[in-house]
There are 2 protein chains.
Amino acid sequence: MQKETSTYLNEVFIQHCRERGLKVTPQRITIYKALAGSTDHPTADFVYRNIHKEHPNISFETVNRTLLKFAETGILDVIESFSGARRFDPNLDSHHHIHCVQCGMIVDFKDEQFNNIQIPKQFKREYKVVSKRVVINVICELCQSK
Amino acid sequence: MQKETSTYLNEVFIQHCRERGLKVTPQRITIYKALAGSTDHPTADFVYRNIHKEHPNISFETVNRTLLKFAETGILDVIESFSGARRFDPNLDSHHHIHCVQCGMIVDFKDEQFNNIQIPKQFKREYKVVSKRVVINVICELCQSK
DNA sequence: TATTATATGAGAATTATTCTCATTTGTCAA
DNA sequence: TTGACAAATGAGAATAATTCTCATATAATA
Ligand SMILES: [Mn+2]
Ligand SMILES: [Mn+2]
Ligand SMILES: [Zn+2]
Ligand SMILES: [Zn+2]
């Protein structure tokens, strides 16, 4: 079962790469698996440290470049951050974010109504919309209790 | 008229500082004036370079610290960015952003309907809302033409 | 299996941000 | 007005985040 899931992920990923002209390297497979299905919003450093235990030979440089390459080819998104490190988002479904302004935690939420948000008419011609999202800045429970 | 506007701005700013326990320094006045009424979304470096021509004695460190202090005390906002440098927003009115994913340009837009966006019920108790905004990621006209 | 374009890893370079500390200055009370 | 003093400033160093360079390795293909 574990094995089958893994095999399935591999196949999905290989397909992704083929379609985008990316070589299927062990490093990329590792990084992809670390992110697939996650609703985290990690930094490159976070991904690196996460996989480092199991794969100590993958360099930070490769992790970072791979994440950027994945973003470039639509395998994941670069999302808004409030300075500090760049944040990646492996969840490509249309969704919105709750963002704690103190600790930087980002939580997904779904909302059909918000998905239908349209760019104002006056900007429609000028700008080609890539994506859109509601971002709610909050102080999370943990940060409130400090 | 120019003079009166300037005097008025000074008074508003002095009031701001008094209410927040900030000392009114020439550096802070300069930085405040450079931002007041602007709908830009500058980085600290941009603000620094802007005022440097006229005020070559103000250090980058002071500009940066002042912007952070202003953000801390509600004189301006730190807004979402997509990596690179932190972006500030002197426009405190409730508004939304169109953000070019190529050049980083950010344009304000107003929308009554979007202002009424509520945090989903299930999160209301857990998170204290600080602000909320629609962010529309686009490719701007200029970037499209490249 | 040989070719080749692409990817990787190490280290250096660059950019952005924060820290430290000696000095200066705004504020306030006398 | 004039100190006293807490806060602010500026210079430089330190740290964090990102990108670049280039020699080597490797996936894809024919
Ligand atoms: Mn997300
Ligand atoms: Mn704005
Ligand atoms: Zn938090
Ligand atoms: Zn643009």
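In the text below, chain A, chain B and the rest are named by the order of the sequence lines, each starting its count at 1.
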Decide yes or no for Asn57(A) and Gln27(A): does some side-chain heavy atom of the first lie under 4.5 Å from some side-chain heavy atom of the second? no
For atom CD of Gln122(A), is the number of surrounding heavy atoms from other residues, nucleotides or ligands below 6.0 Å larger than 12? yes
Does Glu126(B) reach the main-chain N or O of Lys124(B) with its side chain, forming a donor-acceptor pair under 3.5 Å? no
Look at the rings of His41(B) and His97(B) and say which category their plane angle falls in: under 30° parallel, 30 to 60° tilted, over 60° perpendicular. perpendicular
Between dG26(C) atom P and Arg20(B) atom CZ, what is the distance in whole Å? 20 Å
Using whole Å, what does the distance between atom P of nucleotide dT18(C) and atom CD of Glu72(B) come to? 12 Å
Rounded to whole Å, please give me the gap between CD1 in Ile29(B) and C1' in dT27(C). 14 Å
Sub-3.5 Å pairs of nitrogen or oxygen atoms, protein against nucleotides 8-11 of chain C:
unit_1, atom_1, unit_2, atom_2, d
dT8(C), OP1, Thr25(A), OG1, 2.6
dT8(C), O3', Gln27(A), NE2, 2.8
dG9(C), OP1, Gln27(A), NE2, 3.2
dG9(C), OP1, Asn57(A), O, 2.9
dG9(C), OP2, Ser59(A), N, 3.3
dG9(C), OP2, Ser59(A), OG, 3.4
dG9(C), OP2, Thr62(A), OG1, 2.5
dG9(C), N7, Arg65(A), NH2, 2.7
dG9(C), O6, Arg65(A), NH1, 3.2
dG9(C), O6, Arg65(A), NH2, 3.3

Checking Arg65(A) now: which residues fulfil salt bridge (Lys or Arg N to Asp or Glu O under 4.0 Å) with it, not counting sequence neighbours? Glu61(A)
Which is more 5' along DNA chain D, the nucleotide nearest Arg18(A) or the one nearest Leu22(B)? Just name the residue. Leu22(B)
Might you work through the side-chain hydrogen bond (donor to acceptor under 3.5 Å, both in side chains) test for Asn115(B) and Ser94(B), ending with a clear yes or no? CA-CA 7 Å; Asn115(B) 288 350; Ser94(B) 177; 3.1 Å; yes
Can you check the Arg49(B) CZ to dT15(C) P distance for me, whole Å? 11 Å
Students often get this wrong, so: under 4.0 angstrom with heavy atoms, is Leu68(A) touching a base, only sugar-phosphate, or nothing? sugar-phosphate
Spacing between Asn64(A) atom CG and dA7(C) atom P, to the nearest angstrom: 15 Å
May I have the distance from Asp45(B) (atom CG) to dT18(C) (atom P), rounded to whole angstrom? 14 Å
Would you classify Ile14(B) as touching base, sugar-phosphate or nothing, given that sugar-phosphate means primed atoms plus P, OP1 and OP2, and contacts are heavy atoms under 4.0 Å? nothing
Lys23(B) side chain, from C-beta outward: closest of dT19(D), dA7(D), dT17(C): dA7(D)
Ignoring backbone atoms, test whether Arg86(B) places a side-chain nitrogen or oxygen under 4.0 Å from the OP1 or OP2 oxygen of dT18(C). yes
How are the rings of Tyr32(A) and Phe70(A) set relative to one another: parallel (under 30°), tilted (30 to 60°) or perpendicular (over 60°)? perpendicular
